[in-house]
Amino acid sequence: KFFNLAKTASKFSDYNKKKVHIGSVIVYKNKVIATGWNSKKTNPIQYKYNKYRENLQLGNRSYDANHLPCIHSEMKCLIDTKDLDINWSKTSIFVYRESCGKTRMCKPCPSCTKALKDRGIENVYYTTENGYVYERI
């Protein structure tokens with residue numbers, strides 16, 4: 001059910017490059033506490049964490065310091081919950097990606113993974129071409 005909510009959130013994405021839509025939800029005690037989607041908007045927190053993406057070679061893509069700090073769906077969730085005082089180790093994040101009408105791999109990037117770890121979120125679920133994966137970070 002949480003992937004369905006992340007899928008719904010992904011439809012709000014205004015980042016339409018190659019029709020990629022990514023949505024996330026953070027869940028605490030079986031309740032959604034945040035939803036997010038990828039956006040063309042920029043944010044200084046995303047910019048701060050993008051240093052963990054710099055100069056990485058991922059397939060045919062490389063990231064550098066000039067990479068725009070467009071907000072990732074995971075980061076939007078983290079920004080929206082920055083003032084909550086909860087036990088973050090008991091939360092989970094669900095990340096959904098759809099491209100050209102098909103579910104795609106959506107493992108959080110190095111910058112989002114670092115931000116999730118810094119917050120204390122350990123349970124990550126994300127889509128793949130064949131379903132979903134659970135990962136404890």
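The model shown is predicted, which means the values in this text are computed figures rather than measured ones.
- Nearest heavy atom pair, residue C112 against residue E74, reads SG-OE1, 3.6 Å.
- Between the OG atom in S10 and the CG atom in L5 there is a gap of 11.0 Å [rounded to 0.5 Å].
- In plain terms, the two heavy atoms of C106 and Y126 that are nearest each other are O-CB, 3.2 Å.
- If you chain together hydrophobic residues whose side chains sit under 4.5 Å apart, M75 and V25 never meet in one group.
- Scored by the side chain to side chain contact (heavy atoms under 4.5 Å, CB included) test, T8 finds no partners at all (sequence neighbours excluded).
- A donor and an acceptor atom, one from each side chain of T91 and R119, are nowhere located under 3.5 Å apart.
- Summarising the geometry, atom CD1 belonging to I79 is positioned 10.5 Å from atom NE2 belonging to H72; distances are rounded to the nearest 0.5 Å.
- Taking CG from N43 and OH from Y47, the interatomic distance works out to 13.0 Å, rounded to the nearest 0.5 Å.
- Interatomic distance, CD1 of I137 versus OG1 of T113, reported as 5.5 Å (0.5 Å rounding).
- V95 and F12 are assigned to two separate hydrophobic clusters, defined by single-linkage of ILVMFWY side chains at heavy-atom distances under 4.5 Å.
- Nearest heavy atom pair, residue C70 against residue S39, reads CB-O, 3.3 Å.
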Please determine whether side-chain contact (heavy atoms from CB on, under 4.5 Å) holds for the pair I45 and L78, giving the CA-CA distance in whole Å, both sets of side-chain angles, and the decisive distance to 0.1 Å. CA-CA 10 Å; I45 296 171; L78 292 173; over 6 Å; no

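- Looking at every heavy atom in both residues, Q46 comes nearest to S111 through NE2-OG, 3.6 Å.
- In this structure, T127 OG1 and E98 CD are separated by 9.0 Å, a value rounded to the nearest 0.5 Å.
- Pairs of residues two or more places apart, or lying in two chains, that qualify as salt bridge (charged side-chain N to carboxylate O under 4.0 Å, His left out) and include a residue from residues 77-95 are K76-D80.
- At distances below 3.5 Å, at least one donor-acceptor pair connects side-chain atoms of D14 with backbone N or O atoms of K40.
- Within the structure, ring pair (Phe, Tyr, Trp, His ring centres under 6.0 Å) contacts touching residues 73-94 (residues at least two apart or in different chains) are F2-F94, F3-F94, F94-Y125.
- Grouping the Ile, Leu, Val, Met, Phe, Trp and Tyr side chains by contacts below 4.5 angstrom, directly or via other members, places M105 with V20.
- For residues 127-137, the set of pairs meeting the salt bridge (charged side-chain N to carboxylate O under 4.0 Å, His left out) definition, not counting sequence neighbours, comprises K107-E135, E122-R136.
- For D118, the side chain to side chain contact (heavy atoms under 4.5 Å, CB included) criterion is met by Y49, K114, not counting sequence neighbours.
- Here S73 contributes atom OG and Y96 contributes atom OH; the two are 12.5 Å apart, rounded to the nearest 0.5 Å.
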Donor-acceptor pairs under 3.5 angstrom involving side-chain atoms of residues 26-38: please list them, not counting sequence neighbours.
from, atom 1, to, atom 2, distance (Å)
N38, OD1, S13, OG, 2.8
N38, OD1, I22, N, 3.0

